[in-house]
Chemist: 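One structure coming up, written as structure tokens, with questions to follow.
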Amino acid sequence: MVGDAVIVEPKAGEVRIDVAYTGICGTDLHILHGAMDHRVTLPAVIGHEMSGRIADIGPGVSGWAIGDPVTVMPLRWCGTCPACNRGFAHICQRLNFMGIDSTGSMQSSWVVPASNLVRLPADLPLRTAALVEPAAVAVHDVRRGGVQPGEKVAVIGGGPVGLLVALVASAAGADVTVLEPDDRRRSVAASLGIKVLDPTGDVVAATEEWTNGAGVEVAFEVSGAAAGVTTAVQLLAVRGRLVLVGIHSAPREVDLFRIFWRELTLIGARVYEPGDFDTAVQLLSTGQIPAEALISHVTPLDNAAEAFAILERGGAMKVLIDCQPA
């Protein structure tokens, strides 16, 4: 449902942003279908992939000016839990993920703590900058996987995050192949110069040929499907690393014997840290992540339902909502 909202003035330590664009992701679809009702209090404004400009500044905020282009790192942590005390505030045990646990960016005006702002280059288009948050996810995933130049990397799932992981890994010097069953998504990957395989074929044989029988050093499971986990484990080389990116809402069977036999490592990669946003901004600014090739649809805010329907139908890449009035 789309409705009118009252402009909220920023309090001390806060800023108000005129939101330009908000992207829709799989998490937003989960929210739409009620899978996250234990965290979302209705009525709610969702959305966390965004770009915009500062429209108003609350008392006590320095270093920012009205009109500055920004995005938001949508994480608020407690600072006192065991995770925070160990230096892992991004996965705080009482984490507030803005757009899920609190008000998000799918609105024309959004008030946020100034501490959550990420500065954008003046020449980076706001449409492109709406991909900073998902690009930061990919940067964090690749960093967690310890990807090194020259390593063979398989990405299971060629949706927006999967292709972002592939692009970030390629920028790190890896040799990357994406496995994706959808023809349209494979076409997008190929247009970006990324090698692609249809996972309905014999991907194990294809990977053995590609890696001279060794397997890949790193596999990123981005599909969220049981078959994706199985395939990722099958493709890994001795001492390979499996980075779990996709959200698996149900328990999965895993070939633990192969993990034992090849001394594989399973790595969780959940969100991101501040440095991941800085790297994401740089990769988008330099064109190493070609954002426009990943943006398949832009719809106005008053037609947000259609934006969700487009994503639901499958095959689309990144769907953005234009949050400013026409």
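Since we're looking at a predicted model, the values are computed, not measured.
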Chemist: How would you list all residue pairs meeting ring pair (Phe, Tyr, Trp, His ring centres under 6.0 Å) that involve residues 36-63, not counting sequence neighbours?
Modeler: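 For residues 36-63, and leaving out neighbouring residues, the ring pair (Phe, Tyr, Trp, His ring centres under 6.0 Å) pairs sorted by first residue read His48-Phe97.
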Chemist: Check residues 72-79 and write down every donor-acceptor pair under 3.5 Å in which the side-chain atom is one partner and the other belongs to a residue at least two apart or another chain.
Modeler:
none

Chemist: List, by chain and number, the other hydrophobic cluster members for Trp261, where Ile, Leu, Val, Met, Phe, Trp and Tyr join if side-chain heavy atoms come within less than 4.5 Å, directly or indirectly.
Modeler: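 Via sub-4.5 Å side-chain contacts, Trp261 links to Phe257, Phe260.
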Chemist: What residue pairs, at least two apart or across chains, pass side chain to side chain donor-acceptor pair (under 3.5 Å) with a residue in residues 236-249?
Modeler: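 Qualifying pairs: Glu151-Arg241, Glu221-His248, Arg239-Glu263, His248-Arg252.
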Chemist: Strictly by ring pair (Phe, Tyr, Trp, His ring centres under 6.0 Å), give each pair with a member in residues 283-308 just once, sequence neighbours left out.
Modeler: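 Found none.
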Chemist: To the closest 0.5 Å, what do you measure between CG (Asp278) and CG (Leu283)?
Modeler: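 CG of Leu283 is found 11.0 Å from CG of Asp278.
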Chemist: Please list, chain by chain and in numerical order, all residues satisfying salt bridge (Lys or Arg N to Asp or Glu O under 4.0 Å) with Glu208, sequence neighbours excluded.
Modeler: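 So Glu208 forms no salt bridge (Lys or Arg N to Asp or Glu O under 4.0 Å) with any residue.
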Chemist: Taking only residues two or more places apart in sequence or in another chain, which ones pass salt bridge (Lys or Arg N to Asp or Glu O under 4.0 Å) with Arg39?
Modeler: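 For Arg39 the salt bridge (Lys or Arg N to Asp or Glu O under 4.0 Å) partners, ignoring immediate neighbours, are Asp101.
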Chemist: Hey, could you give me each pair passing ring pair (Phe, Tyr, Trp, His ring centres under 6.0 Å) that has a residue in residues 157-187? Not counting sequence neighbours.
Modeler: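 For residues 157-187, and leaving out neighbouring residues, there are no ring pair (Phe, Tyr, Trp, His ring centres under 6.0 Å) pairs at all.
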Chemist: If hydrophobic residues (ILVMFWY) are linked whenever their side-chain heavy atoms come closer than 4.5 Å, directly or via other members, who joins Val111 in its cluster?
Modeler: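 Members alongside Val111: Val8.
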Chemist: Can you pull the ring pair (Phe, Tyr, Trp, His ring centres under 6.0 Å) pairs that have at least one residue in residues 111-169, sequence neighbours excluded?
Modeler: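 Matches after skipping sequence neighbours: His90-His140.
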Chemist: Linking I/L/V/M/F/W/Y whenever their side-chain heavy atoms sit closer than 4.5 Å, directly or via other members, would Val218 and Val238 fall into one cluster?
Modeler: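 Val218 and Val238: separate clusters.
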Chemist: Under the side chain to side chain donor-acceptor pair (under 3.5 Å) definition, can you give me all pairs with a residue in residues 154-182, not counting sequence neighbours?
Modeler: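 Checked against side chain to side chain donor-acceptor pair (under 3.5 Å) - neighbours excluded - the pairs reaching residues 154-182 are Asp175-Lys195, Asp175-Trp210.
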Chemist: Go through Arg119 and Thr71 one step at a time and tell me if the side chain to side chain donor-acceptor pair (under 3.5 Å) criterion holds.
Modeler: CA-CA 7 Å; Arg119 194 178 300 276; Thr71 187; over 6 Å; no
Chemist: Please name all residues satisfying ring pair (Phe, Tyr, Trp, His ring centres under 6.0 Å) with Tyr21, sequence neighbours left out, ordered by chain then number.
Modeler: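 Counting only residues at least two positions away or on another chain, Tyr21 forms no ring pair (Phe, Tyr, Trp, His ring centres under 6.0 Å).
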